[in-house]
Amino acid sequence: MAKEKLLLLDGNSLAYRAFFALPPLTNDSGIHTNATYGFTTMLQKILEEEQPTQMLVAFDAGKTTFRHESYGEYKGGRQKTPPELSEQFPYIRKLIDAYNIKRYELDLYEADDIIGTLAKQAETNGIDVIIVSGDKDLTQLATDNVTVYITRKGITDIEKYTPAHIEEKYGLTPAQIIDMKGLMGDASDNIPGVPGVGEKTAIKLLKEYGSVEALYEAIDGMKASKMKEKLVENEESAHLSKKLATIFTEAPIDITLDDLAYAGPNEDALLEVWRELGFKSLIEKSDMQSAVQEQEEIQLSIVDHVTAAMLKETMALHVELENEHYHSCDMLGIALTDGTDAKYISVDKALQSDELKAWLEDASKKKYVVDSKAAQAMLARHGIKLEGVAFDLLLASYIVNPAISGDDVATLAKEFGYTNVQANEVIYGKGAKWSVPEEAVLADHVSRKAIALWHLQPVVEKKLKENEQYDLYNDLELPLAKILGDMEIEGISVNVETLKQMGQALLEKIAVIEQTIYEQAGEEFNINSPKQLGVILFDKLGLPVLKKTKTGYSTAADVLEKLQSEHDIVKHILDYRQLAKLQSTYIEGLTKEIHADDGKVHTRFQQALTATGRLSSTDPNLQNIPIRLEEGRKIRQAFVPSKEGWVLFAADYSQIELRVLAHMCQDPTLVEAFKEGMDIHTRTAMDVFGVTNPDEVTANMRRTAKAVNFGIIYGISDYGLSQNLDITRKKAAQFIENYLQSFPGVKGYMESIVADAKREGFVTTILNRRRYLPEINSSNFNLRSFAERTAMNTPIQGSAADIIKKAMINMDARLKKEGLQAKLLLQVHDELIFEAPVEEIEILERIVPEVMESAIELAVPLKVDYSHGYSWYDAK
DNA sequence: GTAATCACG
DNA sequence: ACGTACGTGATTACT
């Protein structure tokens, strides 16, 4: 049998090390994970390298130890453990348990003492011992059979202390480490030592005298010096300090070496904890991922013929898709359950069944689904109009907590403690290994999803009601999903020819600029590579470096703009960048997304993604089509109506976020300004610059005021404003102060919303959407400041999102009621884009502003601007 | 996969 | 003193 090897870990010390060595990390639920992650990687590495036969992690027990009896101030004056670390200790314990590693703590004793005691016992029994800690004190335990591993700066970087290494490093024996600490003390443990004696002096003294005791026996013979005085004066302290630093190797532990046998982790439990903590890279690296989570049996039947008897009044329905691109991918299967057994129906059978089609289209038959919009869009491609969605797990989870990420049923289910369903990755694999399994496996997986939905519907709805968010979910998000589905399915026509011509013109221009840049640089290089560009600009041409990134020089537009006067090449690079962006993203990228069959693009609006409640748009993103610069704006000429004689109609909220702010803070000046229909940036300029007449406000003053207003919405900071306006921080701070003095209501609101967030842990919008801010009470300045700005911004941005969502629902109803052909196509945060027959424009001009302005009544009026034209470009 | 950049509100 | 504007998505380069 191989020689036994005992690994002893200092749990507290390693957790602290990991916490301070790694940047602040959090998982999807906002729990900090830097200590747990560092601890885990360290553990993984050491397990692999050492292959121990026995293991234990020791922890410090409560606050007081036997050392406090002889010295009350022991470890006094220590900083309180940061809450971001405290919250991680339970997970570290969970991790250790999942590894099947013994952990131990003992009242009145520190982890050191437990480790010392066990190390001694093991050595007596001829077992090799390795001790791992971040605390050098432990090196006193080193012997020929006991090696002490101390982590260096990182956590996986380790220095191995054997007696020989200690001799080499300090010229001392391990036992003399204690004497060294007795003389020099330890600030972190509040051990006094002898003032004025540091590491160097302590080592010198010990080389000469051997120990603290021997030193004091010989002290009379020492020649008079300042140091001798200090030593004499602090003799008592030296002895006490040595005593405190001595690790006790006779602790009354009630575990034996036999209890410490280590035979490897419980892989399922470990994966479970890793998933909870969001250690995706570790899960992927490990070969445990294939380990199938223990699943309860389910009752399911694969049906050949859908009968009316199978289709109940209320059922969980799952439509399994190949991937997230539901406008183009395949459907893999369908499962239904009413809480008894589950029915799995293959795609072929499902599409042949008129009974199923009728049931799916029957609004009175209630369906519990996940991602109703995806199911709606997929079924629509097969001529089935999904109706009667009564529960959508994706949306409900998002409302409970928008930080919950992922659209996999397994991921969402787990948030609510339901685990009887596998992650897609487990069933299909990922990347190149992705494949659809045999039907039995697929049927089981899809059925489990339906069963999960059935179980979760009451659980999640209860949670929504507890948080008073059921209305937001049921009356806003759920009906909105269907409207968004209709919009996506409808799509918007894009003229390929227009794009093609623009692309050709762009390519020619780009080629010319490219040559000019190469000439001015004196060589050819990849202009698209910031790294290569940096070398040309800052090394070769010697332009001044104004800003750096983590990896090198910054070549971002704001930096280049400041360098324009330095060299002609800069302007050309800016032009190149602008045109290259248009070409790659908006000409080539957009063209790829045009469906060949209808000449349209069908974006996907992500409804359960943003932290604030906004939508986002992907494949293609239609919410960032250029508008600010004329060259880019022309891209909009390619967006056209789908029918002859139709036009595009666009309506946007004017200053919706500032109006929301006015409503929430009730600042009299701000409210009044909106009620009187004033230009809000001019009004702000008057207050910030102290002028009484709007005519005195210059264009520049208004521009500055506009930036201040943005700053207010974003959670103002003087630095941010100074960067934006390219002014000094001091000036920016002055503007902010002027603003807050002029609008005391805003100041009060900002203060109270941050205070609320600190108390409740979350902020809310007008319709009670929540965003949790776990870092609002962090002791880390950056994290806390970020959370504070978020607390100020989210209610504003989120409430604006609430308003336009409500407007979309009301608008959809209104279009139906009026019997119009006009269709809503796009939403871009504060604007709605429709297409309509030209003869309906007059009606739209009347009803769209009316519906949008009355979506939610605020303390200030909402204002909507609108226009129409043959293309999106012309609807300005 | 991450970083840098840039498009939008 | 700390280092920053809020919220997104796509492309490219590079490891």
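Quick note: numbers below take in every heavy atom, side chains included, and nothing from hydrogens, waters or symmetry partners. Chain naming here is simple, since letters A, B, ... match the order of the sequence lines and numbering starts at 1 in each.
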OP1 or OP2 of [N] less than 4.0 angstrom from a side-chain nitrogen or oxygen of [X], does that happen here?
X: A:T555; N: B:dT5; result: yes
X: A:R633; N: B:dC8; result: no
X: A:T549; N: B:dA4; result: yes

Considering every strand and a 4.0 Å limit on heavy-atom distances, what is the contact class for [X]: base, sugar-phosphate, or nothing?
X: A:A557; result: sugar-phosphate
X: A:T551; result: sugar-phosphate
X: A:R577; result: sugar-phosphate
X: A:L609; result: sugar-phosphate
X: A:S554; result: sugar-phosphate
X: A:A611; result: sugar-phosphate
X: A:A791; result: nothing
X: A:L615; result: nothing

Starting from [atom2] on [N], measure out to [atom1] on [X] and report it in whole angstrom.
X: A:Y714; N: B:dC8; atom1: OH; atom2: P; result: 13 Å
X: A:K634; N: B:dA7; atom1: NZ; atom2: P; result: 16 Å
X: A:F786; N: C:dC6; atom1: CZ; atom2: C1'; result: 8 Å
X: A:L661; N: C:dA5; atom1: CG; atom2: P; result: 21 Å
X: A:I625; N: C:dT8; atom1: CD1; atom2: C1'; result: 13 Å
X: A:I712; N: C:dC6; atom1: CD1; atom2: C1'; result: 13 Å
X: A:E631; N: B:dA7; atom1: CD; atom2: C1'; result: 14 Å
X: A:R614; N: B:dC8; atom1: CZ; atom2: C1'; result: 9 Å

Take atom P in C:dT4 and the same atom in B:dA4, then report the distance between them in whole Å.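 Between the two P atoms, the distance is 12 Å.
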Say we look at B:dA3 and C:dA5: how far apart would their P atoms be, to the nearest angstrom?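 To the nearest whole Å, 15 Å.
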Kindly indicate whether the side chain of [X], heavy atoms from C-beta on, has any atom under 4.5 Å from the side chain of [Y].
X: A:Y873; Y: A:F639; answer: no
X: A:K634; Y: A:T498; answer: no
X: A:L590; Y: A:T585; answer: no

Counting distance alone, no hydrogens or angles: does the base of [N] have a donor or acceptor under 3.5 Å from a partner atom on the side chain of [X]?
X: A:R604; N: C:dG9; answer: no
X: A:R771; N: C:dG7; answer: no
X: A:S616; N: C:dT8; answer: no

The side chain of A:R789 is closest to which nucleotide in this list: B:dC6, C:dA5, C:dC2?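 For the A:R789 side chain, the nearest candidate turns out to be C:dA5.
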Check every atom of B:dC6, C:dG3, B:dC8 against the side chain of A:R729 and return the nucleotide holding the closest atom.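 In terms of side-chain proximity for A:R729, the closest of B:dC6, C:dG3, B:dC8 is C:dG3.
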Stepwise salt bridge (Lys or Arg N to Asp or Glu O under 4.0 Å) test for A:D371 and A:K373: CA-CA 5 Å; A:D371 200 352; A:K373 178 155 63 67; 5.2 Å; no
Taking side chain to side chain donor-acceptor pair (under 3.5 Å) as the definition, give me every residue that meets it alongside A:E588, ordered by chain and number, with sequence neighbours left out. A:Q583
With under 30° as parallel and over 60° as perpendicular, where do the rings of A:Y37 and A:F279 fit, or are they tilted in between?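 Rings of A:Y37 and A:F279: perpendicular, as their planes differ by over 60°.
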Pick the nucleotide of DNA chain C nearest each of A:D718 and A:T790; which residue has the one closer to the 5' end? A:D718
Can a side-chain donor-acceptor contact be found between [Y] and [X] if the only test is distance below 3.5 angstrom?
X: A:K547; Y: A:Y553; value: no
X: A:D802; Y: A:S799; value: no
X: A:Y653; Y: A:E853; value: no
X: A:S617; Y: A:T603; value: yes

Let me have a per-nucleotide readout for nucleotides 10-15 of chain C, 5' to 3', with B, S or -, counting only protein heavy atoms under 4.0 Å. BSSSSS
Just to verify, which of A:T790, A:V754, A:L783 counts as forming a side chain to side chain contact (heavy atoms under 4.5 Å, CB included) with A:L773?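 Going through A:T790, A:V754, A:L783 one by one, the side chain to side chain contact (heavy atoms under 4.5 Å, CB included) with A:L773 is satisfied by A:T790 alone.
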Identified stems (criterion: three or more consecutive Watson-Crick or G-U pairs, under 3.5 Å), DNA chain C: B:1-9 with C:6-14
